[in-house]
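Here the structure is laid out as structure tokens; the discussion comes afterwards.
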Amino acid sequence: MTPFQSALPPDYQRILAVVRQAGAPVMVRQVGEVLGLDTGIRGKLEPLRGKLTKLAERGWLRKFPDGRCSTRP
């Protein structure tokens with residue numbers, strides 16, 4: 001973890017760790033499953049989708065047009 005990552009709230013740090021460990025672009029549902037969220041209920045994934053979007057907007061992640069996310073090289 002970089003010093004900058006430690007400045008992120010713990011839930012954002014966990015999201016980054018999941019995406020990094022995947023090693024390939026992942027969908028929101030995949031991240032939610034690893035985090036233990038109830039992925040069968042769409043409403044449970046929306047807050048996670050928002051966090052992934054924020055991380056992408058701030059340059060932590062790369063978001064693809066199909067909705068998948070990956071870490072930046």
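The structure displayed is predicted, hence computed values, not measured ones. Atoms considered below: every heavy atom in the structure, side chains included; atoms not considered: hydrogens, waters and symmetry mates.
Interatomic distance, CG of L52 versus CD1 of I15, reported as 5.5 Å (0.5 Å rounding). Considering CG of L48 and CZ of R29, their distance stands at 11.0 Å, rounded to 0.5 Å. With rounding to the nearest 0.5 angstrom, the OG1 atom of T39 is 4.5 Å from the CD atom of E33. Separation of atoms CD (Q21) and OG1 (T71) is listed at 11.0 Å; rounding is to 0.5 Å.
R58 pairs by the side chain to side chain contact (heavy atoms under 4.5 Å, CB included) definition with K54, W60, not counting sequence neighbours. Residues forming a side-chain hydrogen bond (donor to acceptor under 3.5 Å, both in side chains) with K44 (at least two apart in sequence, or on another chain): none. When the salt bridge (Lys or Arg N to Asp or Glu O under 4.0 Å) test is applied to E46, the partners found at least two apart in sequence or on another chain are R42, R49. Residues forming a salt bridge (Lys or Arg N to Asp or Glu O under 4.0 Å) with D38 (at least two apart in sequence, or on another chain): none.
Looking at heavy atoms from C-beta onward, F64 lies in side-chain contact with S70 at the 4.5 angstrom threshold. Residues V31 and L45 have side chains not in contact (no heavy-atom distance under 4.5 Å, counting atoms from C-beta outward).
Sequence neighbours left out, the pairs with a member in residues 62-73 that pass salt bridge (Lys or Arg N to Asp or Glu O under 4.0 Å) are D66-R68.
In this structure, D11 and K51 approach most closely via the heavy-atom pair OD2-NZ, 2.5 Å.
Residues M27 and V19 do not share a hydrophobic cluster, clusters being chains of Ile/Leu/Val/Met/Phe/Trp/Tyr side chains in contact below 4.5 Å.
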